[in-house]
Chemist: 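First the structure, which I've put down as structure tokens, then a few questions once you've had a look.
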Number of protein chains: 2
Amino acid sequence: MSDAPIAERLLAIFDDLPPQHQVAARWLLDHPHDVALLSMREQAKRVGVPPATMTRLAQRLGYDGFEELKEMYAASLRGHAEHFAGRTEKLLQRRALDGDAALTSDLLADLSGHLKLLSSATTLSAIARAADIVVERERLFCIGARSSFSSAHLAAYLLSLIGEQTVLADGAGSIGLDALRDIGPNDALLAMTIAPYTRVTVEAVAFARERGASIIAITDSNVSPIARQAKATIIVPTSTPSFLQTVAPALIVIECIAALVAARRGKKAVSAIAAAEDHLERFGSYYTDKTNKGRTS
Amino acid sequence: MSDAPIAERLLAIFDDLPPQHQVAARWLLDHPHDVALLSMREQAKRVGVPPATMTRLAQRLGYDGFEELKEMYAASLRGHAEHFAGRTEKLLQRRALDGDAALTSDLLADLSGHLKLLSSATTLSAIARAADIVVERERLFCIGARSSFSSAHLAAYLLSLIGEQTVLADGAGSIGLDALRDIGPNDALLAMTIAPYTRVTVEAVAFARERGASIIAITDSNVSPIARQAKATIIVPTSTPSFLQTVAPALIVIECIAALVAARRGKKAVSAIAAAEDHLERFGSYYTDKTNKGRTS
DNA sequence: CGTGCTTTGCAACAACTGTTTCATTTATGG
DNA sequence: CCATAAATGAAACAGTTGTTGCAAAGCACG
């Protein structure tokens, strides 16, 4: 790629660049495909710097202006495109890859299929129903064990970030399900488990149901022990070409629910996030150098 | 490629096109790479037709104007081919859905694009390198905070499941980074953080590096504070149509690494899992009824 | 605490973008 | 051969492009 040298040079001098130029440089590094395809102003807008900064960065790199730099990226894109001219080549290429890359891209292909499943009408509406429940109820308890714990944790984190009252029921310190002690009809329980189903999760669901709480179940089958207990059941695929199962679809469902809840809360969610970030900043949780102020993309 | 359908259609109606339009169409067919990279006027000049002809040809193809056609070619250049392939369909479909389902399927579409990015050659090889490191080193420490914690947790869980020596460095009980106290050259640290970067994670990486440990970084940019510290750096996309970021790609990378490590360990990994499951069964961790014996998918 | 230098954002710039209108030419069918 | 429609090219259009001049702010150094 002919933009590779540019990227390298950019990386080399990156630390010596003034802050705004670093922000711009970061865009070039992170979105090489877009440089030639978007107008400079458009890119400037996306990064959050004035157009002039783009031109200046290009000039600093020794080019006449941003247009010349764009030309370079265009050339590299052309080369790249020719290289990838045919899809068939790519497939052949894959077979030729060593086992590692083959396994990995098989796994990714599988997941891509799973994503399609998630966008089926039944799943979409189940997700929407789950979001409804979260919005309606006062508190949300989240539970998930073993591989499902990561999803449960993310659910608790994201939803509390956008201002929901959430409680993560993990077993830290062996307190087990004590967190659920005062769960009631005004609360909801988001439970996630896939085969082989974890006992505590199943029991937590049963318990929460007795108490009149609304259940949101994320699981792998309609006959999963928690599926029929729930007010909203979301079935996620878990198969992979490896003998390990995947929880990625489940995690994605969590993110979808969070996005929906955020959308419904609207400004309230935005200000909750802002407050959370202020809080974190005050305690110096974030790493800062003059470089990375904003979020790219 | 998303310009393929255009090319096909162009070819089909070519003979019925008026002479000047044929000339223009020939350009599109012969120089698909340039369509998105050159201005329409420039292309018109090269072909020898007035600019208007270009616009008119595009309109004849059903597009609003040449700009829209350019957009299609741009998408195909980016490699997001699939993503834009059924863009119009998707847009129509989306309009028909209520707001909830629309947002959700947008999110899923975005993720689908991210998956493609993950299967790029550079990412694949970075993942393979990461797996190498895990296999080579004696112990693997995992760290990730906030939204990245779920990925770190899953990494620690999966890899210990298949028999790797793993330590999850979370801050439970405020012990902070004590877990890293005795990290050394024979160990590896898998660290994950996305903007805004969490201070402890960045510091943990710096510390581990001083101690001579190998770093595997999963982050969102080449200029992330941990990217250049690492022996293997995997860049994951995090953007979504919502204002929340996604960690799904990162989680998927984790699963890929785990799958690769499992593959390399071979039988050893399988027996490790079997042992772990026996262990769990003995302690009654799993829920059982006559219904659910095996794993559904 | 200034001094000189760099960095930054704004506003104005001319050049160029893609589109459209309209008069003219060319082809087509009765 | 004319009448009608289609195709064409020139010119004008508003909008956007990338660039630059300038003033204000920020910074390091003495």
Side-chain angles (χ1 to χ4, degrees), chain A residues 3 6 10 13-28 31-77 288-294 296, chain B residues 3 6 10 13-28 31-75 77 223:
Chain A
D3 66 276
I6 299 183
L10 223 35
I13 63 168
F14 189 85
D15 293 313
D16 304 326
L17 253 36
Q20 292 303 97
H21 285 210
Q22 290 194 2
V23 175
R26 174 180 258 261
W27 165 267
L28 295 184
H31 305 269
H33 299 322
D34 291 313
V35 177
L37 296 172
L38 265 34
S39 81
M40 177 268 266
R41 281 182 120 98
E42 173 64 26
Q43 299 178 55
K45 202 185 299 172
R46 294 198 187 182
V47 192
V49 301
T53 303
M54 292 301 207
T55 299
R56 287 171 183 143
L57 175 61
Q59 286 167 341
R60 182 184 292 255
L61 286 170
Y63 298 98
D64 227 47
F66 195 86
E67 208 154 16
E68 203 176 316
L69 190 136
K70 231 169 116 170
E71 206 48 55
M72 295 310 216
Y73 277 88
S76 119
L77 209 50
T288 47
D289 60 10
K290 59 264 167 193
T291 315
N292 307 297
K293 293 243 171 99
T296 3
Chain B
D3 63 278
I6 299 183
L10 221 36
I13 62 169
F14 189 85
D15 293 316
D16 305 325
L17 253 35
Q20 293 301 96
H21 284 210
Q22 287 195 4
V23 177
R26 183 180 294 278
W27 164 267
L28 294 184
H31 306 270
H33 301 323
D34 291 312
V35 176
L37 297 172
L38 266 32
S39 80
M40 178 266 266
R41 281 183 120 96
E42 173 64 26
Q43 299 178 55
K45 201 185 299 172
R46 294 198 187 183
V47 191
V49 301
T53 303
M54 292 301 205
T55 298
R56 299 205 249 253
L57 176 59
Q59 286 167 340
R60 183 184 293 257
L61 285 170
Y63 298 98
D64 226 48
F66 195 84
E67 208 154 17
E68 204 176 314
L69 187 106
K70 236 170 114 169
E71 204 50 56
M72 297 311 244
Y73 278 88
L77 259 192
V223 293

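Just so we're clear, the structure is a prediction, and the values are computed from it rather than from any experiment. Below, read A as the first sequence line, B as the second, and so on, with proteins coming before strands; counting in each chain starts at 1. Atoms considered below: every heavy atom in the structure, side chains included; atoms not considered: hydrogens, waters and symmetry mates.
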Chemist: Just compare dG9(C), dG18(C), dA12(C) and give me whichever is closest to any side-chain atom of T53(A).
Modeler: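 That would be dG9(C).
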
Chemist: Atom CE in M72(A), atom CG in L61(A): separation rounded to 0.5 Å?
Modeler: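 The CE atom of M72(A) sits 10.5 Å away from the CG atom of L61(A).
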
Chemist: Minimum heavy-atom separation for L38(A) to K70(A), with atom names?
Modeler: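 Looking at all heavy atoms of both residues, the closest pair is O-NZ, 3.4 Å.
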
Chemist: List the atom of T53(A), the atom of H21(A), and the distance in Å for their closest heavy-atom pair.
Modeler: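 What the structure gives for the nearest pair is CG2-CD2, 3.6 Å.
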
Chemist: What is the distance, rounded to the nearest whole Å, between atom CE of M54(B) and atom P of dT17(C)?
Modeler: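 These atoms are roughly 13 Å apart.
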
Chemist: A36(A) and L37(B): which non-hydrogen atoms are nearest, and at how many Å?
Modeler: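 In terms of heavy atoms, the two residues are closest at CB-CD2, 3.8 Å.
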
Chemist: To the nearest Å, how far apart are H21(A) NE2 and dG9(C) P?
Modeler: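 One finds 9 Å between P of dG9(C) and NE2 of H21(A), rounded.
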
Chemist: Go nucleotide by nucleotide along DNA chain D from the 5' end; which of A52(B) and E67(A) gets its closest nucleotide reached first?
Modeler: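 Final value for this comparison: A52(B).
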
Chemist: Atom CD of Q43(A) and atom CE of M40(A): how far apart are they, to the nearest 0.5 Å?
Modeler: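 That separation rounds to 9.0 Å.
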
Chemist: For a quick check of understanding: with a heavy-atom distance under 4.0 Å over all strands, which category does T55(B) fall into, base, sugar-phosphate or nothing?
Modeler: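 Result for T55(B) = base.
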
Chemist: List the atom of L57(A), the atom of A25(A), and the distance in Å for their closest heavy-atom pair.
Modeler: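 Smallest interatomic distance, heavy atoms only, reads CD2-N, 3.6 Å.
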
Chemist: Rounded to whole angstroms, how far apart are CD on Q43(B) and P on dC16(C)?
Modeler: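 The distance from CD of Q43(B) to P of dC16(C) comes to 17 Å, rounded to the nearest Å.
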
Chemist: CZ/R60(A) to CD1/I13(A) distance, rounded to the nearest 0.5 angstrom?
Modeler: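 Going from CZ on R60(A) over to CD1 on I13(A), the span is 7.0 Å.
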
Chemist: Measure OH/Y73(B) against P/dG18(C) and give the value in whole Å, please.
Modeler: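 Y73(B) atom OH is separated from dG18(C) atom P by 15 Å.
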
Chemist: Students often get this wrong, so: under 4.0 angstrom with heavy atoms, is Q59(B) touching a base, only sugar-phosphate, or nothing?
Modeler: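 Sugar-phosphate, no base atom in range.
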
Chemist: Rounded to whole angstroms, how far apart are CZ on R56(A) and P on dC10(C)?
Modeler: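 The answer, rounded to whole Å, is 11 Å.
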
Chemist: How long is the line joining CG of L37(B) and P of dT17(C), in whole Å?
Modeler: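 The answer, rounded to whole Å, is 14 Å.
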
Chemist: Which whole-number value in Å describes the distance from M40(A) CE to dC13(C) P?
Modeler: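 To the nearest whole Å, that distance equals 18 Å.
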
Chemist: Taking any atom under 4.0 angstrom from a heavy atom of chain A, which nucleotides of DNA chain D are the first and last to qualify, 5' to 3'?
Modeler: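 First and last nucleotides in contact are dT17(D) to dC22(D).
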
Chemist: Starting at atom CG of D16(A), determine the distance to atom P of dT7(C), rounded to an integer number of angstrom.
Modeler: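 Roughly 11 Å, once rounded to whole Å.
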
